[in-house]
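For reference, the structure discussed in these notes is given below.
Both counts, for ligands and for their atoms, begin at 1 and track the order of listing. Being a predicted model, the structure only gives us computed values, none of them experimental. Along the sequence shown, residues carry numbers from 1.
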Amino acid sequence: MEPRSCGFLLLLLHILRAVIALEEKIIFSKLGDNATLSCIYQERELQLKNLRVYWQIADDQEECSVVHALISGQDNESEQCVHFKNRTQLFWDKLENGDFSLLLVNVSQSDERTYKCVVLQKTEYTRVIHQAEVVLSLAASYSQPILSGPIRNSDSTGEEVTFSCRSGNGYPEPNVYWINKTDNSHLLPSELTITPHTDGTYSVFSTLKVKATSNMQIECSIENKILQENLSANYTQQKQSNGSSPESHKNLEKNGRGAQAAGIISIVILMGLLAVLTCWLWRRRSSKLASYTDVPPNEDKGGLDSPV
Ligand SMILES: *[C@@H]1O[C@H](CO)[C@@H](O)[C@H](O)[C@H]1NC(C)=O
Ligand SMILES: *[C@@H]1O[C@H](CO)[C@@H](O)[C@H](O)[C@H]1NC(C)=O
Ligand SMILES: *[C@@H]1O[C@H](CO)[C@@H](O)[C@H](O)[C@H]1NC(C)=O
Ligand SMILES: *[C@@H]1O[C@H](CO)[C@@H](O)[C@H](O)[C@H]1NC(C)=O
Ligand SMILES: *[C@@H]1O[C@H](CO)[C@@H](O)[C@H](O)[C@H]1NC(C)=O
Ligand SMILES: *[C@@H]1O[C@H](CO)[C@@H](O)[C@H](O)[C@H]1NC(C)=O
Ligand SMILES: *[C@@H]1O[C@H](CO)[C@@H](O)[C@H](O)[C@H]1NC(C)=O
Ligand SMILES: *[C@@H]1O[C@H](CO)[C@@H](O)[C@H](O)[C@H]1NC(C)=O
């Protein structure tokens, strides 16, 4: 081949590559759903029997890479990976219009790959007429988070309380935000546990420890980045009379009343004792007065003052 035509071919390849690079798409699917991997060639009047369509995993390192193959107008399962058996189908009514999209049934997290569609046409010689890449990303919505608390921490000094928040059935791993709704600031969780489950989903549990303040407004938010979803639950402290902190007020009140009662009781007892003492003294004096009526006042006084 002449050097000139060689250069021309290289240029053509470059252009082709640029075009192909533009073809990469990302599609999102929920776990268990059917995903459509798109591959559309804008050319009409294709002869199916002259075409070969290969859907494969783009990663070259893969041991088994054939997802679906269409050879001479027929599905060919001889090289299809076991993982994709009975799970793929082309849209037969659209093939002749250049739509080689593939339906992948019941996707699971192991399908989260980059797929490549290669269309070959055999006329005088076989050549690639179209290529496309599709990245399959999976997602599942988290359940409505459940916020519980505040629970007073017994082993801490001051008014520290704990909130907890849980959610599940989501994919991929979530971001968890604790927000002080009073000023919309973020609070750091004291615990964050993300647990993977056998069905591929995650559950999440997080706790927050804060100093209790009046009119607390706390929100827990679970974010699914891929689905651009934020699910939140919030806690708003009830009006003073019924919240959790008034309980401590009541306790304080009880204590205060107790102290008051004790004070009153001791005063009553003291007064009683004084009364008894006065009474006793009075009686003693009266009896003495009775027995010494003829004694002059001087002696009487001395008799009273002397010890018994
Ligand atoms: C997925 O596709 C299969 C086969 O076409 C169909 O039977 C099934 O109902 C579909 N499932 C969903 C969730 O669309
Ligand atoms: C599938 O393709 C292989 C070659 O790759 C061929 O030998 C076989 O006959 C084909 N099977 C069908 C059903 O077309
Ligand atoms: C695919 O389906 C056929 C018939 O429906 C069945 O015999 C075969 O076992 C299935 N293969 C897998 C891998 O599920
Ligand atoms: C979908 O795939 C999961 C495993 O990934 C399997 O447990 C489940 O039975 C499948 N569902 C259907 C409808 O085939
Ligand atoms: C929430 O923000 C308000 C206003 O900045 C602040 O007074 C309060 O202490 C904060 N609460 C918590 C639990 O951080
Ligand atoms: C979800 O909420 C967090 C915290 O408020 C925020 O940073 C994030 O941007 C939100 N994400 C979406 C998708 O709304
Ligand atoms: C708090 O949650 C309740 C429902 O749980 C909702 O009605 C209310 O609007 C939420 N408040 C804020 C400030 O997000
Ligand atoms: C507080 O409790 C009283 C009864 O104990 C009730 O009548 C009132 O509605 C409650 N207030 C709030 C804000 O929950």
Side-chain angles (χ1 to χ4, degrees), residues 26 28-37 57 64 67-68 80-89 102-113 115 136-153 156-192 194 196-202 204 206-238 240 243-245 248:
I26 299 176
F28 300 107
S29 176
K30 293 195 175 186
L31 283 171
D33 275 5
N34 295 340
T36 301
L37 313 177
I57 289 169
C64 182
V67 178
H68 194 100
Q80 188 182 36
C81 314
V82 178
H83 181 63
F84 296 106
K85 278 265 177 343
N86 295 348
R87 294 181 55 225
T88 57
Q89 62 195 61
L102 187 75
L103 181 75
L104 182 59
V105 174
N106 189 20
V107 297
S108 66
Q109 70 273 16
S110 54
D111 296 325
E112 207 167 23
R113 317 292 298 259
Y115 297 85
L136 179 59
S137 275
L138 291 182
S141 291
Y142 277 87
S143 60
Q144 177 62 35
I146 295 168
L147 179 62
S148 42
I151 293 164
R152 190 170 297 274
N153 299 347
S156 73
T157 54
E159 299 266 294
E160 198 184 48
V161 294
T162 303
F163 288 95
S164 58
C165 185
R166 63 172 74 244
S167 177
N169 291 104
Y171 186 90
E173 292 190 37
N175 290 323
V176 177
Y177 304 101
W178 285 97
I179 299 155
N180 179 353
K181 291 302 278 184
T182 311
D183 59 358
N184 276 322
S185 62
H186 285 220
L187 303 165
L188 278 180
S190 55
E191 186 195 341
L192 176 59
I194 295 170
H197 294 282
T198 47
D199 64 357
T201 64
Y202 293 95
V204 59
S206 181
T207 60
L208 173 78
K209 283 190 167 73
V210 287
K211 255 191 96 159
T213 52
S214 56
N215 303 321
M216 268 191 298
Q217 280 189 292
I218 303 290
E219 182 180 272
C220 158
S221 187
I222 308 289
E223 180 186 36
N224 187 322
K225 260 257 153 70
I226 285 183
L227 295 176
Q228 288 287 295
E229 244 172 31
N230 252 346
L231 294 172
S232 59
N234 64 64
Y235 166 80
T236 304
Q237 193 171 39
Q238 300 293 299
Q240 275 309 307
S244 59
S245 73
S248 68

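- Which parts of ligand 4 touch Asn106 is read off a 4.0 Å heavy-atom cut-off, strictly below it: atoms 1 (C), 2 (O), 3 (C), 8 (C), 10 (C), 11 (N), 12 (C), 14 (O).
- Atom CZ of Arg87 sits in a crowded spot, with more than 12 heavy atoms from other residues, nucleotides or ligands closer than 6.0 Å.
- Proximity to Leu187 (heavy-atom distance under 4.0 Å) selects the following atoms of ligand 5: 14 (O).
- Contact record, Thr201 with Asp199: OG1-OD1, 2.7 Å, taken as the closest heavy-atom pair.
- Atom numbering of ligand 5 starts at 1 in the shown order; those under 4.0 Å from a heavy atom of Thr213 are 9 (O).
- Side-chain atoms of His83 and Asp111 include a donor-acceptor pair closer than 3.5 Å.
- Around ligand 6 you find Tyr177, Ile179, His186, Glu223, Gln228, Asn230, each with a heavy-atom distance below 4.0 Å.
- With Tyr177 as the fixed residue, the side chain to side chain donor-acceptor pair (under 3.5 Å) test singles out one of Glu219, Glu223, His186: Glu223.
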Residue pair Lys209, Glu160: steps toward the salt bridge (Lys or Arg N to Asp or Glu O under 4.0 Å) verdict: CA-CA 7 Å; Lys209 283 190 167 73; Glu160 198 184 48; 5.8 Å; no
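- Heavy-atom proximity to Ser108, at under 4.0 Å, picks out these atoms of ligand 4: 5 (O).
- Counting all heavy atoms, side chain and backbone alike, Leu231 lies closest to Ser143 at CD1-O, 3.8 Å.
- Between Asp183 and ligand 5, at least one N/O pair is under 3.5 Å apart.
- At least one N or O atom of Asn180 sits closer than 3.5 Å to an N or O atom of ligand 5.
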Intermediate values then yes/no, side chain to side chain contact (heavy atoms under 4.5 Å, CB included), Arg152 and Glu159: CA-CA 7 Å; Arg152 190 170 297 274; Glu159 299 266 294; 3.4 Å; yes
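- In this structure, the side chain of Lys85 engages the main chain of Gln80 through a donor-acceptor pair within 3.5 Å.
- Distance OH/Tyr202 to CD1/Ile222: 15.0 Å, rounded to 0.5 Å.
- The atoms of ligand 5 that sit less than 4.0 Å from any heavy atom of Val210 are 13 (C).
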